[in-house]
Each structure stands twice: as structure tokens, then as C-alpha cells.
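Below is one structure, written out as C-alpha cells, with a few remarks after it.
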There are 2 protein chains.
Amino acid sequence: MLERTHLTVVQAVDEHGSLTAAAKELCVTQSALSHTMRKLEDNLGTPIWLREGRSLRLTQAGQYLLSIANRVLPQLHYAENKLHQMAKGELGTLRIGMECHPCYQWLLKVVSPFLEAWPNVDVDVKQKFQFGGVGALLSYEIDLLVTPDPFYKSGLSFEPVFDYEQVLIVPNDHTLATRKYINAADLRDQVLLTYPVEPDRLDIYTQFLNPAGVIPKRHKTSETTDIMLQMVASGRGVAALPRWLAEEYCRKFPLSVVRLGKSGIDKQIYLGTRETDNDVEYLKAFIELARSYKHQRANKESLTDKKN
Amino acid sequence: MLERTHLTVVQAVDEHGSLTAAAKELCVTQSALSHTMRKLEDNLGTPIWLREGRSLRLTQAGQYLLSIANRVLPQLHYAENKLHQMAKGELGTLRIGMECHPCYQWLLKVVSPFLEAWPNVDVDVKQKFQFGGVGALLSYEIDLLVTPDPFYKSGLSFEPVFDYEQVLIVPNDHTLATRKYINAADLRDQVLLTYPVEPDRLDIYTQFLNPAGVIPKRHKTSETTDIMLQMVASGRGVAALPRWLAEEYCRKFPLSVVRLGKSGIDKQIYLGTRETDNDVEYLKAFIELARSYKHQRANKESLTDKKN
DNA sequence: ACCTATCGATTAATTTTATTCATAGATAGT
DNA sequence: ACTATCTATGAATAAAATTAATCGATAGGT
């Protein structure tokens with residue numbers, strides 16, 4: 001009943017001084033505005049303007065209506081703008097879900113250039129999902145899943161964006177420190193430090209220890225990578241980490257990296273999305289950024305390899 | 001482009017769970033809503049809902065739109081309500097203009113019962129007018145003029161609401177205190193206290209002193225009635241006031257009232273309004289209240305007279 | 001595994017609404 | 001007094017919203 005047009009007309013008349021001028025501004029005839037506002041006045045039961053000769057003077061109701069127009073119209077304009085930006089995929093919230101700890105370390109590297117490139121897009125990172133990461137993706141709890149386990153299913157698409165080797169990290173003076181690689185049996189009398197998750201979600205168990213039927217001497221957990229590696233550095237145990245991350249810590253602490261098994265444990269990080277989101281610009285951009293980060297790192301690593 | 005309907009529909013769908021339910025609520029067909037929202041989605045370039053089987057799920061844009069709806073719609077509802085109240089004359093601001101000091105004293109008496117009776121109507125009192133009180137009335141600066149000088153002109157109507165006698169107030173021990181009435185010449189050697197306005201707007205000059213060609217010994221001014229009468233009480237001069245006001249002060253201070261001239265100076269207070277405002281309920285109510293106050297006071301006075 | 005009820009989308013027809021056109025009435029300025 | 005410039009108005013027209021009828025999809029019951 002009180003429509004946006006009415007507010008627009010009141011505002012335009014106030015700004016341009018007359019119905020005629022307002023009509024020109026709004027690209028309609030003066031008659032149209034006259035009819036429109038007359039109808040509103042009839043509905044409200046009060047005039048908006050007093051007609052004095054050939055000019056209009058706002059009544060009290062009209063003044064109030066003008067104040068409403070000046071308050072509400074900007075809100076609508078702003079909303080329209082935002083919606084258009086959202087439509088163009090320039091604005092929104094990228095809700096990222098994660099299913100592994102190494103993913104988190106990797107994610108931190110990619111998120112910051114993304115935030116810079118897309119100042120109007122927020123990033124939300126979630127880690128707990130009632131029905132798993134894929135469930136969260138399918139139920140629109142998240143828009144992007146970072147996971148080591150692609151789960152091919154219609155409606156979803158997964159893409160590997162990062163390859164890494166899972167390695168053992170030990171103190172420099174550890175008996176295993178100089179080994180080219182270790183076997184599962186070598187961990188039988190070691191204390192193993194991991195993140196506090198179930199062993200069947202830890203690659204070192206599923207891909208290394210379990211197949212060989214080996215159980216380490218003890219298993220301790222640590223929430224954070226820093227604490228974990230400080231414990232490793234002080235000889236309290238050994239830990240498994242992505243090589244790129246382990247090497248970073250080798251610079252900070254007296255630690256060494258050892259391959260797990262003769263050919264190593266190779267892992268990938270995948271990004272999962274809904275196919276319905278294929279045209280969301282900032283999502284595509286994030287994946288592109290993730291891809292380029294992978295290559296950049298690959299180049300770096302080959303350089304380091306040569307140095308060694 | 002982003003219309004009120006769109007907001008209403010988004011809100012209704014959120015509240016009732018489906019387009020169909022929302023349509024029933026809004027008393028239109030489901031088809032109508034489907035068309036309306038489809039058009040909006042086309043305009044924005046982004047869907048508001050994801051169609052999943054037979055249910056709708058808000059997109060990010062949709063969630064934003066819903067938040068806008070929840071913010072903006074109440075504003076419009078509230079505005080509509082207020083406008084309807086204004087239309088019924090139950091709401092507004094009564095802007096009162098005043099042209100004389102006694103008017104102000106009288107006004108105070110009438111305004112408070114009015115404010116009680118019309119809790120939704122505000123009262124604004126103004127005293128300075130570039131083009132006089134009538135000008136202020138005609139230019140919609142005020143809605144009601146309280147004045148001793150009716151100015152009959154087409155478009156305006158004046159109504160007397162209060163009769164009073166302008167009297168001289170003197171200290172109890174003053175030489176004039178016991179006189180039945182005084183002549184202009186009696187003020188020749190008195191100090192006259194008045195409000196600080198031009199003498200041609202003071203009745204004691206225009207209707208009493210000037211006709212007799214008398215000028216008082218001295219003329220002092222005071223902004224407030226209280227101070228003025230304290231000065232009178234301490235023998236610094238004499239003042240002219242409406243009788244009803246003077247008698248009130250006689251109870252507080254040792255003061256006496258003396259008639260000005262043999263038959264006294266009779267004055268009226270008029271209320272002036274624009275004829276276009278004839279159907280403004282609260283304006284009519286104010287005038288009615290003013291009238292009733294006049295009668296009430298008249299009765300009181302006649303009672304006091306009998307006692308004396 | 002098959003009905004059935006229900007949901008949203010769609011097309012064409014229809015109704016309602018908004019807008020224009022043409023013109024009258026009023027008025028401020030020259 | 002004349003003219004230009006307002007707003008209002010009624011009828012005609014254009015545009016938009018709404019409906020009716022129907023389709024395809026799907027969740028839930030049997």
C-alpha cells in the first residue's frame with residue numbers, strides 16, 4: 001500500500017520543487033505522478049501536499065512521509081547494490097570446511113592472498129561437521145571442502161590442488177635422523193605424537209603402521225603443531241607431517257626429516273565444491289589461487305632440491 | 001526495481017516455509033508469487049532460492065534479502081500506521097504561536113490538560129515571527145495563533161476564547177492601593193514595569209496612557225512575571241497584568257489590584273487558525289478545551305466575587 | 001515399487017493497474 | 001490582459017500483475 005514509488009515521488013518532488021520537475025526526473029509524465037500520489041492520499045485519508053495555486057506544500061503527514069523516504073530509500077538502494085554485487089559473484093561469504101590438520105596449515109597460506117584479491121568476500125572456516133565434510137557441502141553448511149579424501153558423487157566436484165609427502169620428523173640427534181627412510185617396524189619403540197583425532201583418520205596409521213601391524217611404544221597427542229614440534233625437539237617423541245610444513249619447522253628447531261617407507265607416503269589435498277556453484281566467481285578464483293600456489297611451491301621445492 | 005512486494009514475499013516464504021503457504025497467507029495464488037520473484041531474480045541476475053525438489057532454500061543473496069526485509073518492512077508498517085493516525089488527526093504536532101505575554105500565562109493553563117487528553121500530539125510554542133503571527137499562520141509556520149488582536153482575513157478564522165481585564169498591580173502599602181480605580185494621570189509619577197516589548201504593543205500604553213498623553217516617571221522592563229512582581233512588591237514600581245493572573249500573585253505577595261480607568265480595560269484572547277485545518281481533530285479539540293477553560297474560570301470568578 | 005498429495009515452474013488468458021494523452025482550471029509573472 | 005507554467009482529471013491505452021490450467025518433480029505412505 002505504501003510503495004517504494006510513493007517514497008521516490010515525495011523525495012523527487014522535494015528535491016526538484018514540483019511534480020512536473022519530478023516527473024521529468026523520473027522519466028514519466030506529470031499526470032502519472034499526480035494519479036499515483038492521489039491514490040496514496042485517498043488510501044491514507046490525508047493529503048501529502050497542500051495545493052496552493054500552482055505549487056505544492058508538504059502537510060505534516062507529507063513531511064513525515066518525506067522523512068521516511070529519506071530514511072528507507074537509501075537502505076533499498078544499498079541493498080540493491082549489494083545484491084547486484086552478489087549476483088556478479090563479487091561479494092559474499094566463502095564458507096570453507098576442513099577435514100584434516102595439514103589442510104589447515106595449507107589453507108592459511110592460500111587464504112591471505114585471497115582476502116587481498118577479494119576485499120568484499122569474507123571467509124569462514126569451519127572444522128566440525130555432524131554429517132562429515134561432504135554432508136556439510138551438500139547441506140549448504142559450507143561452500144568449499146578442503147579434504148584429503150575426494151568423494152565423487154553427482155552434484156559435487158573435487159579437484160586436487162596440492163601434492164605433498166607425509167614424512168617423519170625427528171630430533172637432529174635421534175637414531176633415525178640420518179636414515180634415508182624408515183620402515184614401520186622402526187616406530188615400534190618410539191613415542192608417536194599426533195593431533196588428537198581417531199587413528200583411522202591419521203595417515204601414518206592407515207597407510208604406514210596398520211598395514212605392517214605395528215603399534216608405536218606410546219601415542220601422545222597435541223592440539224597445535226608448534227607444541228608438538230617443541231616436544232619432538234626436546235626428544236619426547238616423533239611426529240608425522242607434510243614435508244613442506246616439516247621443512248619450515250626444521251629451520252626453527254633442530255629437527256630432521258625422514259621418509260616413511262622406501263617410496264614415501266604421497267598425499268593430495270582436494271577442494272570439493274557443489275556443481276551448482278560453478279558460476280560463483282570468488283569460488284572459482286579461490287580454486288585458481290590454490291592451483292597457482294601449488295605450482296609456485298613445486299618450483300620452489302625443485303630449487304631447494306637442487307641446492308641439497 | 002526492488003519493491004516492497006519482493007520483501008514481503010521473501011519474509012512470508014521464510015515464515016511459512018513454502019511459496020504455496022506464503023501465497024495463501026498473502027491472499028494470492030502461488031503462481032503470482034512465482035512470477036513476481038522470478039522477475040526479481042532475472043533483474044538481479046541471481047536466484048533468491050535454490051529449488052531443491054519441492055522446497056526452497058535461500059541462497060546467500062536470498063538470506064541477505066531476507067535480512068533487508070526484516071529490517072525495512074517494519075519501518076514501512078510503522079510509517080503507515082503513523083500516517084493513518086495522522087490522517088485521523090490523532091497524531092501530529094500542534095505548533096502554537098503567541099503574540100503577547102498574558103497569552104503565555106493563559107496558554108500554560110490550557111496546554112497541560114491538552115497534552116493529557118492527546119498523548120500522541122506534541123505541542124510546539126513559538127514566539128518570534130518574521131512576518132507577525134498572522135504571517136506565521138498563513139505560511140504554515142504555526143497552526144494556531146494566540147493573540148489579543150484578531151485579524152480577519154479570508155482563509156483564517158479567529159475566535160475569542162478568554163476575556164480578561166487588564167489591571168494595575170501595586171504594593172499593598174502603595175498610595176494607589178486603596179483607590180477604586182485610577183486615571184492615566186495617576187501614573188505620571190510612577191515607575192512602570194512591563195515586559196520588554198515595544199510600547200505600541202503594550203495595552204497600558206495604547207489603551208490607557210497614550211490616549212491621555214501621559215508618560216510615566218520611568219519605564220523599566222522585566223522578562224519574567226515573577227521577577228517583575230517581586231520588584232513591585234519591594235516598591236520599585238507598578239505593573240499592568242490580566243486580573244486573573246494578578247490575583248494569583250496577590251496571594252503570594254503583599255500586592256493589591258487597581259482598575260485602570262473608571263470602566264477598566266477589557267481584553268480578549270483570540271485563537272486564530274487556518275480554515276484549511278478545520279478538520280484537524282486535535283486542533284478542534286484544543287480550541288474546545290480553551291473554550292471550556294474560559295467558562296470554568298468565569299464560574300470560579302463569579303463565586304469569588306460573591307465572597308468579597 | 002507404486003500411488004498420491006504437494007510443491008514450484010510455466011504458458012496463455014485475463015484482470016488489474018499504471019501510464020499517457022488531451023485538456024481544463026488556476027495562478028504568478030510580465 | 002496575456003502567457004507560461006503549474007496541478008488535476010477523465011478517457012484511452014499500455015503495461016504489469018494475477019489467475020487458471022497444467023506439467024514435472026518428489027516426499028511420504030502403503
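Bear in mind the structure is a predicted one, so any value in this text is a computation, not a measurement. Values reported hereafter were calculated over all heavy atoms of this structure, with side chains retained and with hydrogens, waters and symmetry mates removed. Just so it is clear: chains get the letters A, B, ... in the order the sequence lines come, proteins before strands, and each one is counted from 1.
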Q. Do the non-hydrogen side-chain atoms of B:Leu7 and B:Gln11 ever get within less than 4.5 Å of each other?
A. no
Q: Quick one: which residue pairs count as a disulfide bond (SG atoms under 2.5 Å apart) with a foot in residues 42-104 of chain A, not counting sequence neighbours?
A: A:Cys100-A:Cys103
I'd like to check the salt bridge (charged side-chain N to carboxylate O under 4.0 Å, His left out) partners of [X]; sequence neighbours left out, ordered by chain and number.
X	result
A:Lys284	A:Glu281
B:Glu99	none
B:Arg54	none

Q) Considering residues at least two apart in sequence or located in another chain, which fulfil the side chain to side chain donor-acceptor pair (under 3.5 Å) criterion with B:Ser157? A) B:Thr273
Q | Leading and trailing nucleotides of DNA chain D with any atom under 4.0 Å from heavy atoms of chain A | A | D:dA4 to D:dA11
Q) Reading nucleotides 14-30 of chain C 5' to 3', which nucleotides get B (base under 4.0 Å from a protein heavy atom), which S (sugar-phosphate only), which -? A) ----SBBB-----BB--
Show me the donor-acceptor pairs, under 3.5 Å and distance only, between side chains in residues 15-30 of chain A and residues at least two apart or in other chains.
| unit_1 | atom_1 | unit_2 | atom_2 | d |
| --- | --- | --- | --- | --- |
| A:His16 | ND1 | A:Ala12 | O | 3.1 |
| A:His16 | NE2 | A:Glu25 | OE1 | 3.4 |
| A:Ser18 | OG | A:Ala21 | N | 3.0 |
| A:Thr29 | OG1 | A:Ala32 | N | 3.2 |

Q: Can you pull out how bent the helix from C:dA1-D:dT30 to C:dT30-D:dA1 is, comparing the axes over its first five and last five pairs, to 10°?
A: 30°
Q) B:Ser18 near the nucleic acid: base, sugar-phosphate alone, or nothing, with a heavy-atom cut-off under 4.0 Å? A) sugar-phosphate
Q. Do any pairs count as a salt bridge (charged side-chain N to carboxylate O under 4.0 Å, His left out) and have a residue in residues 68-84 of chain A, sequence neighbours left out, and if so which ones?
A. A:Arg4-A:Glu80
Q: Would you kindly give the CH2-to-P distance between B:Trp49 and C:dC7, to the nearest whole Å?
A: 15 Å
Q. What pairs of residues pass the side-chain hydrogen bond (donor to acceptor under 3.5 Å, both in side chains) test when at least one of them lies in residues 86-97 of chain A, not counting sequence neighbours?
A. A:Arg95-A:Asp143
Q | Sequence neighbours excluded, every pair satisfying ring pair (Phe, Tyr, Trp, His ring centres under 6.0 Å) that has a member inside residues 75-103 of chain A | A | A:His101-A:Tyr195
